[in-house]
Number of protein chains: 2
Amino acid sequence: MPGMTDGTPGDHDTPPSPEGPPGGSVVFLLSRLGFDASRRFHAVLANVGLDPRQFGVLNVIALNEGKSQQALAEPLRIPPSRMVAIVDELEDRKLVERRRNPDDRRAYALYLTPTGKTVLGDARRLAMDNEREFTAPLEQGDREQLLGLLRRLAAEQDLPIGVHPGLVAPY
Amino acid sequence: MPGMTDGTPGDHDTPPSPEGPPGGSVVFLLSRLGFDASRRFHAVLANVGLDPRQFGVLNVIALNEGKSQQALAEPLRIPPSRMVAIVDELEDRKLVERRRNPDDRRAYALYLTPTGKTVLGDARRLAMDNEREFTAPLEQGDREQLLGLLRRLAAEQDLPIGVHPGLVAPY
DNA sequence: TATTGTTATACTCTATAACTATA
DNA sequence: TATAGTTATAGAGTATAACAATA
């Protein structure tokens, strides 16, 4: 994970609201919570040996079995050269299979192995559990309201699919 | 900025909701919007030649003039060795002044210069404008509701002050 | 002996561009 | 000539640990 310091909890200072201030800013809170949500998600996926980017790739393969590496990389906005290493690792771990495409021997066709499907299922379950825990401070109605508000903001943005860029595992 | 691809807008695919799915997940939307908010904030601050981390440092200095480098770095969770380069740059640009502390000649005492105060003011104004634009899709009532929901989630987390870690400019 | 600030170093992640094999 | 996949390389950003001056 990119600018991730490490797992240390740290102290519990209450943010001193400097003028104009963070505590009252949607942009600020979103940045903070987004970063934190990413970090937690990263930690949760580690339980099945995946990072968010690999999770994104597995998901996209599951929805588009047989497609080529680059065709799958595109919607995730992962550059071709990066995709190589990602698929290498998933293949080494027997989660994904590269089959030669007889019609175009330059391209591969990617498939999930049975193990890959199992791991993806586990990861999705973990993601759902995490969602529940993260939103635990909110009651069901509040959660849906939040979801609606976030969707309205997201609709204005230009967002890639799968997993978000920063998140996508680095730091 | 870390995993930041670059400023290219890109296409406008609607995320295909894969099972269990992103479009309906608070964690996912927060990660995405948080990353996006960070990127925008980064771009906005560039107009006054600052990045989010420098902005955070200027803010903390403004609130604690005369404190030492490390004392100021701590609440921002910036390691001492990183703080050096940050203050170096702010000092080169005459936004911050390092004065020797006669009582303890190991430590510096940091102060904003008049230019530093001006730039900080400009940056705060830009941040407020950005806040308004970012939340433009929401009416006032909705915006406050969102703020309340985000605060409730944030209250459960362990958050450093100033600027968020990922954001803090890098990558 | 401990602490402030600094420097040196090594590591991780990344994109770019050059290369190969097919088409 | 163009495209899928690969490899090599160089850059940005980081934390760690060793260091000097002062306490």
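Quick note: numbers below take in every heavy atom, side chains included, and nothing from hydrogens, waters or symmetry partners.
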Return the polar atom pairs (N/O with N/O) between nucleotides 8-10 of chain D and the protein under 3.5 Å, or none.
none

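Heavy-atom neighbours of B:Arg152 CZ from other residues, nucleotides or ligands within 6.0 Å: above the threshold of 12. No more than 12 heavy atoms of other residues, nucleotides or ligands shown are found within 6.0 angstrom of CD on A:Glu74. Heavy atoms from other residues, nucleotides or ligands lying under 6.0 Å from CZ of B:Arg100 number more than 12.
At the heavy-atom level, B:Pro79 lies under 4.0 Å from the strands shown only through sugar-phosphate atoms.
Within the cation-pi definition used here (under 6.0 Å to the ring centroid, within 45° of the axis), B:Arg99 qualifies as a partner of B:Tyr111.
Legend: salt bridge (charged side-chain N to carboxylate O under 4.0 Å, His left out) pairs involving residues 110-121 of chain B, not counting sequence neighbours: none detected.
Note on A:Glu65 versus A:Lys67: no salt bridge recorded, every NZ/NE/NH1/NH2 to OD/OE distance being 4.0 Å or above. A salt bridge does not link B:Arg151 with B:Glu156: every distance from a Lys NZ or Arg NE/NH1/NH2 to an Asp or Glu carboxylate oxygen is 4.0 Å or more.
For B:Arg53 and D:dT14, the shortest distance from a side-chain N or O to OP1 or OP2 is below 4.0 Å. For B:Arg82 and D:dA15, the shortest distance from a side-chain N or O to OP1 or OP2 is below 4.0 Å.
Atom CG in A:Leu76 sits roughly 17 Å away from atom C1' in C:dA15 (whole-Å rounding). Protein atom CD1 of B:Ile78 is 14 Å distant from nucleotide atom P of C:dT6, rounded to whole Å. Put simply, NZ on B:Lys67 is 18 Å from C1' on C:dG5, counting in whole angstrom units. With rounding to whole Å, A:Gln69 atom CD is found 19 Å from C:dT20 atom P. Rounded to an integer number of Å, the gap from CD1 of B:Ile86 to C1' of C:dG5 is 14 Å. Rounded to a whole Å, the CD atom of B:Glu89 is 18 Å from the C1' atom of C:dG5. Rounded to an integer number of Å, the gap from CG of B:Leu110 to C1' of C:dT4 is 12 Å. Nucleotide D:dT14 holds its P atom 16 Å from the CZ atom of B:Arg77, rounded to whole Å.
Closest to the side chain of B:Gln70, from the set C:dT14, C:dT4, D:dG5, is C:dT4.
Shown are B:His42, B:Met83, B:Arg82; of these, the side-chain contact (heavy atoms from CB on, under 4.5 Å) with B:Arg53 is made only by B:Arg82.
With hydrophobic clusters built from ILVMFWY side chains whose heavy atoms lie under 4.5 angstrom apart, B:Val84 does not share a cluster with B:Leu95.
Against DNA chain C, the stretch residues 96-108 of chain B makes heavy-atom approaches under 4.0 Å through B:Arg98, B:Arg106, B:Ala107, B:Tyr108.
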